[in-house]
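Just below is one structure, and these are the notes that go with it.
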Amino acid sequence: MKRRYLLVCDHASNAMMEREHHTAYDIGAAGVTRRLAELLDAPAIYSSVSRLIIDCNRTPAADDPNVAAYFTPYHDAIEAAVEKMVDPVFLSIHSMTPELDGVARPWQIALSSYTDRRLTDPVLAALRAFGDITVGDNEPYDIDPAVDYTTPVHAIRRGLLHLQVEFRQDEVATESGQLWWAERFAQAIGTL
Ligand SMILES: [Zn+2]
């Protein structure tokens, strides 16, 4: 049976912040997600607000006034898509800053996982098989259900096949970079 993919992009937007800075949103992630959605013929759901307003990948404070406006509609849309699609492969798309605290990150792309590595391991192998890509495996980030929200709640809890990926922002800052990386990633997924 053909796999059906669902794409989500927690940090797609810098709306309301108007800041071209990695603390406001995941630079390039929305563009890569759009390209991947085309290549995989998959629906994609994007958060509509900067994580400086509310981080859609964190459990919100109960009294945060942005929950009803931004957090709940985003996660309700993901829930509805998961229910409608019946066991989609869940793809969570992020981007990471090329350096943090003065330390450069060597990984052009990185997969984050928790204990279920059914897709992580073969996709890591496929990315490495290109031979010219530096790939991170749970570095710089893993998935921690005590910290992260989206993949644990929508995918891990249900036992859905899933991948969480970080593209380095200098690689996906331009449209051509977004297309190149979306194509590489779709190829890697295509080897499953
Ligand atoms: Zn992110």
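All ligand and atom numbering here is 1-based and tracks the order in the structure. Quick note: numbers below take in every heavy atom, side chains included, and nothing from hydrogens, waters or symmetry partners. Quantities reported herein were computed from a predicted structural model and do not represent experimental measurements.
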Q.
Could you list the cluster mates of I143? Members are the ILVMFWY residues connected by side-chain heavy atoms closer than 4.5 Å, either directly or through other members.
A. Y114, I156
**Q.** N-O pairing of R58 and D64 below 4.0 Å
**A.** no
Q) Given a cutoff of under 4.5 Å between side-chain heavy atoms of I, L, V, M, F, W and Y, with clusters grown through shared members, what are the other residues clustered with V147? A) none
Q.
Are I93 and L6 linked, directly or through intermediate hydrophobic residues, by side-chain heavy-atom contacts shorter than 4.5 Å (ILVMFWY only)?
A. no
Q. In terms of side-chain geometry, is the basic nitrogen of E175 or R35 positioned less than 4.0 Å from the acidic oxygen of its partner?
A. yes
Q. When you check the space around the Zn ion (ligand 1), which protein N, O or S atoms turn up under 2.8 Å?
A. H11 ND1, D26 OD2, H94 ND1
Show the atom names and distances, to 0.1 Å, of all donor-acceptor pairs under 3.5 Å that link a side chain in residues 83-91 to residues at least two apart or in another chain.
unit_1, atom_1, unit_2, atom_2, d
E83, OE2, R158, NH2, 3.0

